[in-house]
Amino acid sequence: MLGTAALMLTGMSPVVAQTGAQVIASGLNNPRGLTFSPNGGLYVAEAGAGGSGPCFAGPEGPACFGHSGSVTRIDRNGQRRVLTGLPSFGAASTGDAAIGPSDVSFQGQGGMFVTEGLGLDLDFSKTIPELDDMGQLLKAQGARRQLKVVADLADFEDANNPTGDEENVNPNSVLATGRGQVVADAGANDLLLVAPSGTISVLATFPNRLVDAPPFLGLPPGTQIPMDAVPTSVAQGPDGALYVGQLTGFPFPPGAANVYRIIPGQAPQVFAGGFTNIIDIAFDQQGTLYVLEIFQNGLLSGDPTGALIRVDAGGAQHVVMATGLITPGGLALHDDAAYVSNCGTCAGGGQVLRIPLA
């Protein structure tokens with residue numbers, strides 16, 4: 001599940017983007033999902049860098065809690081943090097690979113919605129009171145960006161556990177719609193709708209799949225083991241349907257990640273496959289699908305290179321950019337360009353890139 005796998009690199013530094021890509025923001029703390037507001041500003045969720053504690057055994061080793069999560073606005077005047085002080089925990093020594101604010105979305109001219117990640121077994125997280133404000137959907141509204149909790153997704157998972165699997169919550173992506181906010185929960189392996197009233201309903205669940213066990217486990221040849229789906233991203237397609245990209249869980253087999261088409265009340269259908277460790281997806285104005293992979297060669301490869309991929313109408317994949325992408329964390333499309341949060345596991349070293357598509 002995301003938080004126990006995808007964000008496991010620490011101590012990485014972003015490299016200079018390849019020719020054609022432009023760095024439009026830098027010095028970010030573990031930048032993740034990003035979106036354009038109705039007035040044209042680009043907003044990026046920063047998962048933060050943890051803090052002074054309490055410290056505990058996190059998904060990737062010792063981690064410390066703090067209030068370093070934020071949201072940054074990027075426009076012609078530069079970059080500035082418009083939300084600060086959000087819960088975060090990151091690697092104890094560096095703040096890398098943090099968990100905290102994971103995505104941001106706008107509904108018309110109204111408030112800004114932010115998902116606050118968690119990525120821990122709920123039985124464990126309950127033992128650390130400071131984590132109670134994580135695993136939530138937040139709304140920032142008004143000139144002062146006053147925050148309120150729209151939905152406590154951790155409480156919903158604890159009470160309902162729609163998949164019947166381990167109780168874990170990590171809302172990694174949010175899409176604000178006229179019906180409410182759609183949330184892809186990478187920890188709970190489900191897709192949720194949060195109505196304007198705050199009521200939460202389940203749009204889809206993503207069951208485990210059986211995959212071949214990797215040789216290093218020492219199991220008999222042909223043995224298969226269950227793999228979590230880990231839905232990391234949600235977007236609305238040109239047909240009005242919802243589309244969800246998956247990271248996949250351990251053993252993270254290359255080529256096993258799918259993009260699913262979701263019609264509420266029906267089982268998810270595979271729309272496109274053959275991807276590796278999807279972290280975000282988006283459609284352009286012509287209806288073309290773009291897929292962002294956090295690890296192009298798989299989470300167990302040791303290679304932190306990601307990839308931005310265009311999928312044509314026939315399903316063929318075309319790599320738009322790979323060199324220069326280091327554990328990218330989010331994708332937005334606007335005016336014939338892709339905007340990617342680069343080095344999404346870097347505290348203080350994250351960037352946003354503008355990548356021309358035309």
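Just so we're clear, the structure is a prediction, and the values are computed from it rather than from any experiment.
Here the side chain of N30 pairs a donor or acceptor atom with the backbone of C346 at under 3.5 angstrom. Panel note: side chain T115, backbone D103; a donor-acceptor pair is recorded below 3.5 Å. Between the T232 side chain and the D280 main chain, no donor and acceptor come within less than 3.5 Å of each other. Remark: the backbone N or O of G344 is paired with a side-chain donor or acceptor of R32 at under 3.5 angstrom. Under the 3.5 Å distance criterion, the side-chain polar atoms of Q107 are left unmatched by any main-chain donor or acceptor of G180. A donor-acceptor pair under 3.5 Å links the side-chain atoms of N189 to the main chain of V230, judged by distance alone. Remark: the backbone N or O of D185 is not paired with any side-chain donor or acceptor of N170 at under 3.5 angstrom.
Between D228 and D165 there is a side-chain heavy-atom pair separated by less than 4.5 Å. Residues F89 and F56 have side chains in contact (heavy-atom distance under 4.5 Å, counting atoms from C-beta outward). At a threshold of 4.5 Å between non-hydrogen side-chain atoms, the residues M112 and Y43 count as touching. Annotation: side chain of L147 is in contact with side chain of L86 (closest heavy-atom distance under 4.5 Å). L138 places none of its side-chain heavy atoms less than 4.5 Å from the side chain of V150. Inter-residue side-chain proximity for V340 and L325 is flagged as met; some heavy-atom pair is nearer than 4.5 Å. Using a 4.5 Å heavy-atom threshold, the side chains of F65 and I128 count as separate.
Taking CG of N258 as the reference point, atom OH of Y243 lies at 14.0 Å (rounded to 0.5 Å). Going from atom CD1 of I355 over to atom CG of N342 covers 8.0 Å, rounded to the nearest 0.5 Å. Here CG of L242 is found 7.5 Å from CD1 of I262. Values are rounded to the nearest 0.5 Å. Between T163 atom OG1 and E157 atom CD the span is 6.0 Å, to the nearest 0.5 Å. Expressed to the nearest 0.5 Å, how far CD1 of I200 lies from CG of L153 amounts to 5.0 Å. Atom OG1 in T276 sits 5.0 Å away from atom CD in E293 (nearest 0.5 Å).
Side chains of Q136 and D152: a donor on one and an acceptor on the other come within 3.5 Å. Side-chain contact, S233 with S173: no donor N or O sits under 3.5 Å from an acceptor N or O. For Y290 and R310, the side-chain atoms include no donor-acceptor pair closer than 3.5 Å.
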Please assess S105 against T35 for the test side-chain hydrogen bond (donor to acceptor under 3.5 Å, both in side chains), listing each intermediate value before the final yes or no.
CA-CA 6 Å; S105 186; T35 191; 5.2 Å; no
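Residues S88 and A98 approach most closely at OG-CB, 4.0 Å, considering heavy atoms. For C343 against P31, the heavy-atom pair with the smallest separation is O-CD, 3.6 Å.
Note: Y339 and H334 have tilted aromatic rings, judged against thresholds of 30 and 60 degrees for the angle between ring planes.
With respect to E46, the side chain to side chain donor-acceptor pair (under 3.5 Å) criterion is satisfied by exactly one of S70, S102, S341: S70.
Dense packing is recorded around CZ of R81, with more than 12 heavy atoms of other residues, nucleotides or ligands lying under 6.0 Å away.
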